Amino acid sequence: MSNATHNAILCRYGEIALKGKNRGTFERALVTALKRALSDIEDLRYIRERGRILLHRKSFAAFTAAHEDLVTDGLHRVFGLQSYSMGYMVESNLEAIEKIVGDTLPQHYGQELQAGNGPVTYRMRARRAYKFFPLRSQELEIHFADLLLPQYDNLKLDLDNAVISIGVEVRENWTFVHYGKMPGPGGLPVGASAPVLVLLSGGIDSPGAAYLAMKRGSHTNFLTFHSAPYTPPETIDKVCGIVRVINRFQKPGLMLACNLVAAQKIIRDRTTEKYRTVLYRRLMMRVASRLATEIGDRALVTGDCLAQVASQTVQNLEVINNATDRLILRPLISYDKTESMALARRVGTLKLSEIQCADSCTVFAPRNPATNATLNVIHKQESRMDTDELLGLALADVTVVNPANGETNPFRFNGTKEARVTSSASSSTP
Ligand code: ATP
Ligand code: MG
């Protein structure tokens, strides 16, 4: 549309402004996220003002086309950002505003404004936050209509549906002029809510759940379960790929992998086949809770959708919840599959998740899983095993995975591993 070169970006945030005395913390979290997303643009300055963050280069030079691509790509990953505009920063005086509008309007809309072309609708939206500026918001709008309409024959005022909409925001130390808004992802900046541990499989749902937790301000770490050697190394490679995509929305989270196979074998040998899925899930919750405590995460997040599969009926979810005292968040609980697919597409994980690969849950999976487990029955099933031993076996095989290359290192528990495993295991035994 234009070959204009902007020299500033105005970032708007919504909900954060409502957070009273916590506002400063939220704004700092947002600036941190912006800095991360735009780290490839050197020499950016961030000016924090009520409800807005203005960005410009320290030299005040214009952004290049490559910078603008980085901005478009980066800002859709900054939670807490309601919308942003690329535009022009000038001094807060009428002359400067007239000059920048005079220079840039034809750059943006040269074609439309050419004499002889059909009518083109116009409006200005002014916002005077600096109360000592001589013209009020509406007076500014009228001033520019009086100035521009006589200048361009085909310009027509339309306050509701204008093709050309000039935004002007007057602050004490700067004024920002722009020709359009881009939507941000909304939500809250990562760090605004307590951190969480996402149970991340290679499926379609759990990456979307991670995204939504981040969107509401939770930094996320990741835990994936596998069953090597019954699941191939590709299972973890696939999750690494997913983690790389999701981590772009936040300061990278830790990826943990836990091998459940030893515990799964005991479950397979000692319990009734149809309850295996629920029993696996209860074990997963215990392991996840223990690891969450270890790394300081406050809640668990899963990609469960109500009634999607056997383990996700109301009855089974209740029994699974009961395995831990920890809060379990399920952001996708009401999603249809088409909706979680659309979400995964937006996050950028759908294609990776669609690659077929064995999952830990499918190892020794029952042919007809129970959909209506009760706590009574499950406690009886668990009484055939030593659940502490199962938890210990799983926790003994936890690794930290580098998602960049799949390299693994043993997870180090703080303090003595065995002592902590035992004490936590006994507290979570039903
Ligand atoms: P799909 O997208 O195919 O539904 P899914 O990963 O959601 O795959 P489900 O069987 O629906 O698989 O599992 C429900 C939830 O349980 C997942 O969203 C995830 O949070 C957790 N989960 C399942 N399997 C694993 C695993 N191997 N590692 C970590 N979490 C898992
Ligand atoms: Mg699912």
Side-chain angles (χ1 to χ4, degrees), residues 196-213 220-228 230-243 246 253-261 263-264 276-292 297 299-313 316-317 319-321 323-324 326-345 347 349-366 369 371 394 397-399 401 403:
V196 295
L197 180 62
V198 178
L199 279 73
L200 191 70
S201 66
I204 290 167
D205 299 328
S206 42
Y211 174 91
L212 292 180
T220 67
N221 291 309
F222 309 98
L223 169 61
T224 192
F225 293 100
H226 63 98
S227 308
Y230 293 85
T231 51
E234 288 77 29
T235 304
I236 293 190
D237 294 346
K238 182 180 173 186
V239 179
C240 284
I242 291 172
V243 169
I246 314 178
L254 188 67
M255 176 177 167
L256 302 177
C258 172
N259 190 345
L260 275 189
V261 82
Q264 281 177 305
R276 275 181 207 159
T277 310
V278 170
L279 293 165
Y280 290 166
R281 286 297 156 92
R282 280 168 63 85
L283 175 61
M284 283 184 180
M285 291 307 165
R286 292 187 180 116
V287 172
S289 298
R290 179 65 185 78
L291 292 172
D297 286 340
L300 307 180
V301 175
T302 75
D304 289 315
C305 306
L306 197 59
Q308 188 189 72
V309 290
S311 59
Q312 296 167 20
T313 60
N316 284 357
L317 286 176
V319 173
I320 293 164
N321 269 6
T324 173
R326 211 164 259 284
L327 175 66
I328 303 173
L329 299 172
R330 297 182 168 93
L332 301 189
I333 197 72
S334 66
Y335 275 45
D336 292 339
K337 198 73 201 182
T338 48
E339 291 171 315
S340 23
M341 287 176 78
L343 176 63
R345 197 173 290 119
V347 178
T349 50
L350 183 63
K351 283 215 162 73
L352 288 169
S353 292
E354 281 177 339
I355 300 167
Q356 289 303 316
C357 202
D359 183 87
S360 177
C361 296
T362 55
V363 172
F364 320 131
T371 54
D397 199 342
V398 178
T399 51
V401 184

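None of the values given here were measured: they were computed from a predicted structure. Note that ligands are numbered from 1 as they come in the structure, with each ligand's atoms numbered from 1 the same way.
If you number the atoms of ligand 1 from 1 as listed, the ones under 4.0 Å from a heavy atom of Asp304 come out as 14 (C), 15 (C), 18 (O). Which parts of ligand 1 touch Thr224 is read off a 4.0 Å heavy-atom cut-off, strictly below it: atoms 28 (N), 29 (C). Residue-ligand proximity, Thr302 to ligand 1, at heavy-atom distances under 4.0 Å covers atoms 20 (O). Atom numbering of ligand 1 starts at 1 in the shown order; those under 4.0 Å from a heavy atom of Leu200 are 28 (N), 29 (C), 30 (N).
Annotation: Met284 places no N or O atom under 3.5 Å from an N or O atom of ligand 1; distance criterion only. Below 3.5 Å of separation, one finds no N or O of Val301 facing any N or O of ligand 1. Remark: ligand 1 and Ile204 share an N or O pair separated by less than 3.5 Å (distance only, no angle test).
Contacts between His226 and ligand 1 below 4.0 angstrom, taking non-hydrogen atoms only, are absent altogether. With a 4.0 Å cut-off on non-hydrogen atoms, Asp359 touches ligand 1 through its side chain and not its backbone.
Between the side chains of Ser206 and Ser201, at least one donor N or O sits under 3.5 Å from an acceptor N or O.
A side chain to side chain contact (heavy atoms under 4.5 Å, CB included) with Asn321 holds for exactly one of Arg326, Arg330, Met285; it is Arg330.
Around atom 11 (O) of ligand 1, the closest heavy atom drawn from Lys337, Arg330, Gln312 belongs to Gln312. Nearest-residue assignment for atom 26 (C) of ligand 1 (options Ser201, Cys305, Gly203, Ser206; heavy-atom criterion): Ser201.
Looking only at distances, a side-chain donor or acceptor of Asn259 sits under 3.5 Å from a matching main-chain atom of Ala228. For the pair Ser340 (side chain) and Tyr335 (backbone), a donor-acceptor distance under 3.5 Å is absent. Side-chain atoms of Ser353 come within 3.5 Å of backbone atoms of Gly203 as a donor-acceptor pair (strictly under, hydrogens ignored).
Leu200 is not listed as a side-chain neighbour of Met255, based on a closest heavy-atom distance of 4.5 Å or more. Between Thr349 and Tyr211, every side-chain heavy-atom pair lies at or beyond the 4.5 Å cut-off.
Residue contact annotation: Leu223 has a non-hydrogen atom under 4.0 Å from ligand 1.
Ring centroid separation for the pair Tyr280 and Phe364 does not come in under the 6.0 Å cut-off.
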